[in-house]
Protein chains: 2
Amino acid sequence: MTQEGPMPQDRLTLVFSALADPTRRDIVARLAVGDATVNQLAAPYDVTVQAVSKQIKVLEDAGLVSRSRDAQRRPVHLEAGVFDLMTKWIERYRQAAEERFTRLDAVLDQLDRPQPGSAEPAAAQREQGAAS
Amino acid sequence: MTQEGPMPQDRLTLVFSALADPTRRDIVARLAVGDATVNQLAAPYDVTVQAVSKQIKVLEDAGLVSRSRDAQRRPVHLEAGVFDLMTKWIERYRQAAEERFTRLDAVLDQLDRPQPGSAEPAAAQREQGAAS
DNA sequence: CGGTTATTCAACCGACAGGTTGAGGAGGAG
DNA sequence: CTCCTCCTCAACCTGTCGGTTGAATAACCG
């Protein structure tokens with residue numbers, strides 16, 4: 001409850017944390033089929049409704065779902081936008097890792113230059129030694 | 001080596017949990033540039049080396065990184081494969097959510113609801129079985 | 001109105017994650 | 001051989017997480 005400055009970094013933490021729980025991922029899977037109320041979402045699990053309500057709160061804080069109002073019910077809706085945030089983050093490092101893998105021999109060849117931090121990022125990592 | 005993949009579900013939990021921590025995501029970012037030793041990875045943070053060693057263990061258990069051997073050092077290497085697992089999971093539900101969004105009017109027509117959006121999305125109230 | 005349904009709030013609790021210190025093992029460097 | 005470096009293991013502390021029960025709020029139903 002200490003959320004005043006919503007940084008994108010914090011949001012990623014919230015999203016990944018939210019999806020780290022199997023039950024919450026399952027809830028997301030159900031919501032992909034269609035909106036559902038808290039009671040409906042809680043039905044398949046052997047936990048109390050309050051527990052599921054908390055889980056939904058976590059998903060909501062992460063921006064993965066939203067809640068509207070229908071009489072006493074609070075239909076939960078899956079939000080697509082946040083997935084893009086994750087995909088972007090993942091793709092960045094996946095591509096980097098794959099690129100380094102496929103270009104391994106070329107990189108090793110280029111590494112002989114003792115010039116850190118300019119055109120060859122891998123060299124900077126390699127030459128790092130006397131850092132505080 | 002535990003090659004017995006219990007379930008892709010469990011692996012997803014490990015991966016999401018691993019990336020839920022900002023420090024571990026930062027470590028992944030550094031490893032995208034190039035392999036690094038534990039000491040190098042621990043340098044920027046004000047925590048002990050042991051703590052970072054634990055973090056790397058978490059990343060390793062999730063399959064995000066691997067460790068080789070170079071004298072006393074254990075260079076940490078970013079593994080690209082696991083990112084595909086996440087991307088697949090995310091894309092699945094992102095597409096579902098977006099599809100439901102773009103088909104909203106058709107759905108509303110089917111539901112016989114003259115009220116768009118937040119009024120009464122309660123038609124999803126039908127008995128839903130175990131999806132997916 | 002009183003009663004029921006749907007959901008959340010509050011306080012509490014066991015388990016676990018992430019940090020620390022302290023010790024120990026593997027492998028150069030002198 | 002001895003020392004020093006790099007790293008991991010073990011025990012311990014602490015805050016957060018996921019769950020519970022109990023009560024409160026909101027809106028419908030008769």
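In the text below, chain A, chain B and the rest are named by the order of the sequence lines, each starting its count at 1. Only this structure's heavy atoms are used, side chains among them; waters, hydrogens and symmetry mates stay out.
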Quiz prompt | Candidates C/dT8, C/dT20, D/dC7 - which lies nearest the side chain of A/Ser53 | solution = C/dT8
Practice problem: Assign B/Gln50 to base, sugar-phosphate, or nothing according to its heavy-atom contacts below 4.0 angstrom with the strands shown. | Solution: base
Quiz item: Rounded to the nearest Å, what distance is computed from the CG atom of residue A/Asp70 to the C1' atom of nucleotide C/dT8?
Solution: 17 Å
Quiz item: In whole angstroms, how far is the P atom of C/dT7 from the CG atom of A/Asp35?
Solution: 13 Å
Quiz item: Does a side-chain N or O from B/Asn39 land closer than 4.0 Å to OP1 or OP2 of D/dC7, or not?
Solution: yes
Quiz prompt | ILVMFWY cluster, A/Val49 and A/Ile56 together (side-chain gap under 4.5 Å) | solution = yes
Quiz item: Below 4.0 angstrom, N of the basic side chain to O of the carboxylate: do A/Asp61 and A/Lys57 qualify?
Solution: yes
Practice problem: Would you mind reading off the distance between A/Gln55 atom CD and C/dC9 atom C1', rounded to a whole angstrom? | Solution: 16 Å
Practice problem: Go through D/dT8, C/dG18, D/dG18 for me and flag the one nearest to the B/Val49 side chain. | Solution: D/dT8
Quiz item: For DNA chain C, whose closest nucleotide is more 5', that of B/Gln72 or that of A/Ile56?
Solution: A/Ile56
Quiz item: About how many Å separate CG of A/Leu19 and CH2 of B/Trp89, when rounded to the nearest 0.5 Å?
Solution: 4.5 Å
Quiz item: Between B/Lys88 and B/Asp84, does at least one N-O distance fall below 4.0 Å, as a salt bridge requires?
Solution: no
Self-check item: Closest nucleotide among C/dG18, D/dC7, C/dT7 to the B/Val38 side chain
Solution: D/dC7
Practice problem: Name the closest nucleotide to the A/Thr48 side chain, picking from D/dC28, C/dT7, D/dT21. | Solution: D/dT21
Self-check item: Rounded distance (Å) that lies between atom P of C/dG19 and atom OH of B/Tyr45
Solution: 11 Å
Exercise. Begin from the C-alpha positions of A/Arg74 and A/Ser53 and carry the test side-chain hydrogen bond (donor to acceptor under 3.5 Å, both in side chains) through to its verdict.
Key: CA-CA 10 Å; A/Arg74 310 294 303 278; A/Ser53 182; over 6 Å; no
Quiz item: Quick one: A/Asp61 CG to C/dT8 C1', roughly how many Å, whole number?
Solution: 14 Å
Quiz item: How is B/Thr23 classified with respect to the nucleic acid when contacts are heavy atoms under 4.0 Å: base, sugar-phosphate, or nothing?
Solution: nothing
Exercise. Would you kindly give the CZ-to-P distance between A/Arg69 and D/dA26, to the nearest whole Å?
Key: 9 Å
Quiz item: Using a cut-off of 4.0 Å on non-hydrogen atoms, how would the nucleic acid contact of B/Lys57 be classed: base, sugar-phosphate, or nothing?
Solution: nothing
Quiz item: Whole-Å distance between C/dT7 P and A/Gln40 CD?
Solution: 8 Å
Quiz item: Among the nucleotides D/dC28, D/dC6, C/dG18, which one has an atom lying closest to any side-chain atom of B/Arg24?
Solution: C/dG18
Quiz item: Rounded to the Å, how far apart are B/Asp46 CG and C/dG18 P?
Solution: 16 Å
